[in-house]
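Reviewing the structure listed below.
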Amino acid sequence: MSLDGTYDDGNIFAKILRGEAPAARVFEDDHVFAFMDVFPQARGHTLVIPKHSQARNLLDEEPAVLTQVILGVQRVARAVRAALKPDGLVVTQFNGATAGQTVYHLHFHIIPRWEGVELGRHAAGGMADPTELKALAAEIAAQIA
Ligand code: AMP
């Protein structure tokens, strides 16, 4: 899908928000929902999405919503840091298939990095164990300030 197009509410993140698909929930407030990526590029790979939005990407988003989303990203990234003690954190966001986007509901990736541990490939890794993801989600959730 290119940068242009209309929002499809059948996308997997919309289904997660409606409770029609499972997710290892980390955090939610009135504006954002954070959960574990099921094909993690690193241990603790977390996604943050707006709850009330029909933006497919960053360019579509309303400034007021985007403000809340990026504040949510910072809050969750701080919790990931506190829980997992990484050496670094990558925050990424893809716009359009050519850029690597595979799900067309705006989202930010928070990916912890450790010295000497290679980053997994984007959207190309294996599926994580759901029980392990739930445990990680709980560890991160416990550190939300
Ligand atoms: P992007 O390629 O930037 O659109 O990112 C989409 C991300 O969603 C990828 O990292 C996928 O691993 C992840 N993903 C796809 N389906 C699910 C799902 N059901 N639950 C959690 N993460 C998912």
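Note that ligands are numbered from 1 as they come in the structure, with each ligand's atoms numbered from 1 the same way.
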Next on the checklist: Could you tell me, atom by atom, which parts of ligand 1 come under 4.0 Å of a heavy atom of Met36?
Outcome noted: 21 (C)
Next on the checklist: For a quick test of reading the model, state the closest non-hydrogen atom pair linking Ile110 to Val73 and the distance between them.
Outcome noted: CD1-O, 3.6 Å
Next on the checklist: Pairs of nitrogen or oxygen atoms closer than 3.5 Å, one from Pro22 and one from ligand 1: do any exist?
Outcome noted: no
Next on the checklist: Within a 6.0 Å radius of atom CZ on Arg121, are there more than 12 heavy atoms belonging to other residues, nucleotides or ligands?
Outcome noted: no
Checklist entry - How far is atom 8 (O) of ligand 1 from its nearest protein heavy atom, and which residue and atom name does that atom have? => result Phe13 CZ, 3.3 Å
Next on the checklist: For a quick check under 3.5 Å, do His109 and His45 share a side-chain donor-acceptor pair by atom type?
Outcome noted: yes
Checklist entry - Looking at Lys51 and Asp29, what are the two nearest heavy atoms and their distance? => result NZ-O, 2.7 Å
Checklist outcome for this item: Closest to atom 20 (N) of ligand 1 among protein heavy atoms sits Val38 CG2, 3.6 Å
Next on the checklist: Determine whether a donor-acceptor pair (N or O, by modelled atom type, separation under 3.5 Å) exists between the side chain of Gln101 and the backbone of Val103.
Outcome noted: yes
Checklist outcome for this item: Note: ligand 1 atoms sitting under 4.0 Å from heavy atoms of Gln101 are 2 (O), 4 (O)
Checklist entry - Are any of the heavy atoms in Gln41 under 4.0 Å away from ligand 1? => result no
Item to check | Polar atom proximity, Asp37 to ligand 1 (N or O, under 3.5 Å) | outcome: yes
Checklist entry - For atom 19 (N) of ligand 1, what is the nearest protein heavy atom, given as residue, atom name and distance? => result Ile12 CG1, 3.4 Å
Checklist entry - Under 6.0 Å from the CD atom of Glu20, do we count more than 12 heavy atoms belonging to anything else shown? => result yes
Item to check | Sub-3.5 Å N/O-N/O distance, His45 and ligand 1 | outcome: no
Checklist entry - Which bit of Thr92 is near ligand 1, meaning a heavy atom under 4.0 Å away: side chain, backbone, both or neither? => result neither
Item to check | Min side-chain heavy-atom separation Arg56-Leu106 under 4.5 Å | outcome: no
Item to check | Ring center gap for His122 and Phe39 short of 6.0 angstrom | outcome: no
Checklist entry - Measuring from the heavy atoms of Gly100, does anything fall under 4.0 Å of ligand 1? => result yes
Item to check | Per-atom contacts, ligand 1 versus Thr102 - under 4.0 Å to a heavy atom | outcome: 1 (P), 2 (O), 4 (O), 5 (O), 6 (C)
Next on the checklist: Test of understanding: given a 4.0 Å heavy-atom threshold, classify the contact between Phe35 and ligand 1 as side chain, backbone, both, or neither.
Outcome noted: side chain
Checklist entry - For ligand 1, is there an N or O atom under 3.5 Å from any N or O atom of Val103? => result yes
Next on the checklist: Closer than 4.0 Å to some heavy atom of Leu47 - which atoms of ligand 1 meet that?
Outcome noted: 8 (O), 22 (N)
Checklist entry - Any donor-acceptor pair under 3.5 Å linking the side chain of Thr46 with the backbone of Gly44? => result yes
Item to check | Proximity of Phe94 to ligand 1 by residue part, where a heavy atom lies under 4.0 Å | outcome: side chain
Checklist entry - So, for Phe35 and Phe13, is the gap between ring centers shorter than 6.0 Å? => result yes
Checklist entry - Taking side chain as C-beta onward, heavy atoms only, is Phe94 less than 4.5 Å from Thr102? => result no
Next on the checklist: Students should be able to answer this: which protein heavy-atom is nearest to atom 5 (O) of ligand 1, and at what distance?
Outcome noted: His107 NE2, 2.9 Å
